[in-house]
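Quick caveat: nothing in here was measured; it's all calculated off a predicted structure. Every chain is numbered from 1, with letters handed out A, B, ... down the list of sequences.
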There are 2 protein chains.
Amino acid sequence: MASSTIRICIVEDDNIIRNGFALLINSTFGYRIVNTYGNCEDAIKNLFQDEPDVVLMDIELPGMSGIEGIEKIKRLRPKTDIIVVTVYDNPQLVFEALCAGAGGYLTKNMQPARLLEAIKDIREGGAPMSTQIARMVVSSFQKNRNSPLTPRETEVLELLAKGKSYSTIADDLFVDKETIRTHIKNIYWKLEVHSKAEAIEKALKDKLI
Amino acid sequence: MASSTIRICIVEDDNIIRNGFALLINSTFGYRIVNTYGNCEDAIKNLFQDEPDVVLMDIELPGMSGIEGIEKIKRLRPKTDIIVVTVYDNPQLVFEALCAGAGGYLTKNMQPARLLEAIKDIREGGAPMSTQIARMVVSSFQKNRNSPLTPRETEVLELLAKGKSYSTIADDLFVDKETIRTHIKNIYWKLEVHSKAEAIEKALKDKLI
DNA sequence: TCTGGAATCACCCCATATGGGGGATTACGG
DNA sequence: CCGTAATCCCCCATATGGGGTGATTCCAGA
């Protein structure tokens with residue numbers, strides 16, 4: 001791909017912000033705003049006329065939410081890179097946006113120049129994120145370091161969470177099925193649960209596995 | 001916390017690189033190398049003498065691997081921030097490192113100055129990553145957009161993966177247990193599997209859920 | 001040296017979950 | 001009008017889960 005001008009759409013219901021971003025981007029060489037919208041519906045309608053390389057997407061919008069918008073745009077035109085630009089930084093929303101297909105996530109307290117960097121970054125295969133968002137994302141991988149479970153019990157719980165049966169787990173760990181049953185009983189007791197579903201739910205919630 | 005000098009340890013078996021990093025960091029105001037090591041064992045032994053704020057950790061090391069090292073350091077002294085600095089960028093290793101407790105991940109093709117930024121970043125609550133690593137991490141959240149499953153089937157599979165039983169799923173979705181059974185039969189047929197465990201395994205592998 | 005936790009294995013009972021087979025109806029959209 | 005999705009129903013054999021109780025080995029910390 002030649003390093004031609006990057007085509008950008010903005011979906012943002014605040015006029016001031018939308019025009020501010022547009023002005024900044026349009027006045028920079030190599031970047032071009034092809035269209036701006038106050039809602040997802042209109043942006044999606046014109047997706048194949050606009051042919052944006054990058055969409056800057058707000059989350060709270062009139063009508064369709066930004067999350068839904070991301071999903072639809074990625075479904076219709078997967079090569080479109082989407083960067084969320086929002087004031088919201090709660091983990092729930094961040095993960096929903098990333099699952100939906102966002103390739104970057106910036107909070108609006110950034111330096112304006114960061115926006116240009118981010119657009120360049122995502123086009124080059126990166127995933128631009130504000131620092132607190134990056135930390136949130138990385139933290140989501142990390143296990144609870146104060147697990148009440150023994151290493152062996154954790155191992156058993158992991159296999160249980162993969163849907164394996166007692167006997168399959170026993171085979172995987174080269175022990176008897178009865179041993180697994182004992183481990184699971186101990187796990188249930190420690191986690192104060194009484195079934196697989198509860199155990200897995202609690203384990204995921206507390207990041208024990 | 002006052003913005004005092006940041007105390008840094010390096011664990012890296014290549015002398016040239018280790019000394020290069022040390023020189024760069026020590027010659028920068030506000031940063032101080034308290035010790036450098038060629039292996040994890042020695043670094044861990046001196047952890048409470050060194051009291052590092054940040055550890056720069058290589059992955060491939062003689063003796064204990066960097067991954068194990070990260071785990072041990074975070075267990076012994078959780079407030080230590082660890083940045084992986086390595087040539088390896090395969091997803092397996094990246095996720096293992098992050099799960100073990102790494103707070104950042106840089107590949108060695110970075111600009112040297114990036115190292116200083118990264119150290120500052122992680123101390124300020126960020127999660128410094130090379131661009132390709134960030135993309136890898138973000139991609140890991142995104143679902144397969146070509147799932148053979150219907151939305152309803154996906155929903156059922158998600159609950160199944162949470163360890164729920166047929167009847168619990170039925171209750172959750174306000175339908176009959178038999179409906180769930182039919183969905184699951186169809187899921188098994190589409191995924192070409194014959195049990196819960198296989199279905200969940202395949203679903204996770206193909207990012208269907 | 002003693003104690004306790006971790007990990008292992010065993011046997012009991014019994015309800016229900018599971019997987020495979022068959023067939024059926026409604027409802028929506030191209 | 002046809003196909004697909006979603007819903008529901010039946011039968012059946014077996015696997016599995018959950019609860020109870022008890023025991024052995026081994027290792028590390030008090």
Side-chain angles (χ1 to χ4, degrees), chain A residues 44 71-72 75-76 143-204 208-209, chain B residues 44-45 48 71-72 75-76 143-204 208-209:
Chain A
I44 291 169
E71 235 162 72
K72 290 208 163 51
R75 195 179 310 282
L76 290 169
K143 290 186 187 167
N144 186 337
R145 235 166 282 289
N146 294 318
S147 173
L149 306 181
T150 68
R152 193 58 158 182
E153 285 163 357
T154 305
E155 207 171 350
V156 171
L157 190 51
E158 270 164 10
L159 293 171
L160 202 61
K162 280 190 179 172
K164 307 224 179 194
S165 70
Y166 289 15
S167 18
T168 313
I169 296 174
D171 289 347
D172 284 7
L173 300 182
F174 304 106
V175 297
D176 195 275
K177 179 180 168 175
E178 284 304 321
T179 306
I180 299 303
R181 277 168 58 67
T182 307
H183 284 316
I184 290 178
K185 285 173 194 175
N186 291 334
I187 291 169
Y188 286 6
W189 183 82
K190 286 184 181 175
L191 299 187
E192 299 173 358
V193 299
H194 302 279
S195 72
K196 234 189 328 175
E198 286 178 277
I200 294 174
E201 194 121 53
K202 191 170 177 73
L204 292 174
L208 304 177
I209 55 173
Chain B
I44 291 169
K45 205 175 296 167
F48 291 99
E71 236 162 71
K72 290 208 161 54
R75 194 179 311 281
L76 290 168
K143 289 187 190 167
N144 187 337
R145 235 166 280 289
N146 293 317
S147 173
L149 305 181
T150 68
R152 195 56 157 180
E153 285 163 356
T154 305
E155 207 171 350
V156 170
L157 190 50
E158 269 164 10
L159 294 169
L160 202 61
K162 279 190 178 172
K164 308 224 177 194
S165 69
Y166 290 15
S167 19
T168 314
I169 297 175
D171 289 348
D172 283 7
L173 300 183
F174 305 105
V175 296
D176 194 274
K177 181 180 167 174
E178 284 304 320
T179 306
I180 300 302
R181 276 170 51 67
T182 306
H183 283 317
I184 290 178
K185 284 176 197 177
N186 292 333
I187 292 170
Y188 286 5
W189 183 81
K190 286 183 181 176
L191 301 187
E192 299 175 358
V193 299
H194 302 280
S195 74
K196 241 193 315 180
E198 287 178 275
I200 295 173
E201 193 121 55
K202 190 169 178 73
L204 293 174
L208 304 178
I209 54 173

Discussion item. Just verifying a value: how many Å separate B:N146 CG and B:L208 CG, rounded to the nearest 0.5 Å?
Written reply: 10.0 Å

Discussion item. I'd like to check the salt bridge (charged side-chain N to carboxylate O under 4.0 Å, His left out) partners of B:K72; sequence neighbours left out, ordered by chain and number.
Written reply: none

Worksheet item: Can A:L173 and A:L159 be said to form a side-chain contact (heavy atoms from CB on, under 4.5 Å), step by step?
Response: CA-CA 10 Å; A:L173 300 182; A:L159 293 171; 4.0 Å; yes

Worksheet entry | A:F174, CZ: over 12 other non-hydrogen atoms inside 6.0 angstrom | no

Item to complete: Can you sort out the partners of B:K177 under salt bridge (charged side-chain N to carboxylate O under 4.0 Å, His left out), two or more places apart, ordered by chain and number?
Response: none

Fill in: Within residues 165-192 of chain A, residues whose heavy atoms come under 4.0 Å of DNA chain D
A:S165, A:Y166, A:S167, A:R181, A:K185, A:Y188

Under-3.5 Å N/O pairs linking protein and nucleotides 25-30 of chain C:
none

Worksheet item: So which of residues 143-153 of chain A are in contact with DNA chain C, with a heavy-atom cut-off of under 4.0 Å?
Response: A:T150, A:P151, A:R152

Worksheet, complete the sentence: So, with a heavy-atom separation below 4.0 Å from DNA chain D, the residues of residues 193-201 of chain A are A:H194, A:S195, A:K196

Fill in: salt bridge (charged side-chain N to carboxylate O under 4.0 Å, His left out) partners of A:E178, counting only residues at least two apart
A:R181

Worksheet item: Between which nucleotides of DNA chain D, read 5' to 3', does contact with chain A run, using atoms under 4.0 Å from its heavy atoms?
Response: D:dT16 to D:dT21

Worksheet item: Between B:I180 and B:L160, is a side-chain contact (heavy atoms from CB on, under 4.5 Å) present by the stated rule, with each step listed?
Response: CA-CA 10 Å; B:I180 300 302; B:L160 202 61; over 6 Å; no

Worksheet item: About how many Å separate CG of B:N186 and CG of B:L149, when rounded to the nearest 0.5 Å?
Response: 9.5 Å

Worksheet entry | Pairs touching residues 154-169 of chain B that satisfy salt bridge (Lys or Arg N to Asp or Glu O under 4.0 Å), sequence neighbours left out | A:E201-B:K162, B:K143-B:E158, B:R152-B:E155, B:K164-B:D172

Discussion item. I need the full list of side chain to side chain donor-acceptor pair (under 3.5 Å) pairs touching residues 189-200 of chain B, with sequence neighbours left out, sorted by first then second residue.
Written reply: B:E153-B:K190, B:S195-B:E198

Practice prompt. Please report how far the helix from C:dT1-D:dA30 to C:dG30-D:dC1 bends, comparing the axis fitted to its first five pairs with the axis fitted to its last five, to the nearest 10 degrees.
Written response: 60°

Practice prompt. Indicate yes or no for a side-chain donor-acceptor contact from A:T154 to the backbone of A:T150 under 3.5 Å, with no hydrogens or angles considered.
Written response: yes

Discussion item. B:T168: which residues meet the side chain to side chain donor-acceptor pair (under 3.5 Å) condition with it, sequence neighbours left out?
Written reply: B:S165

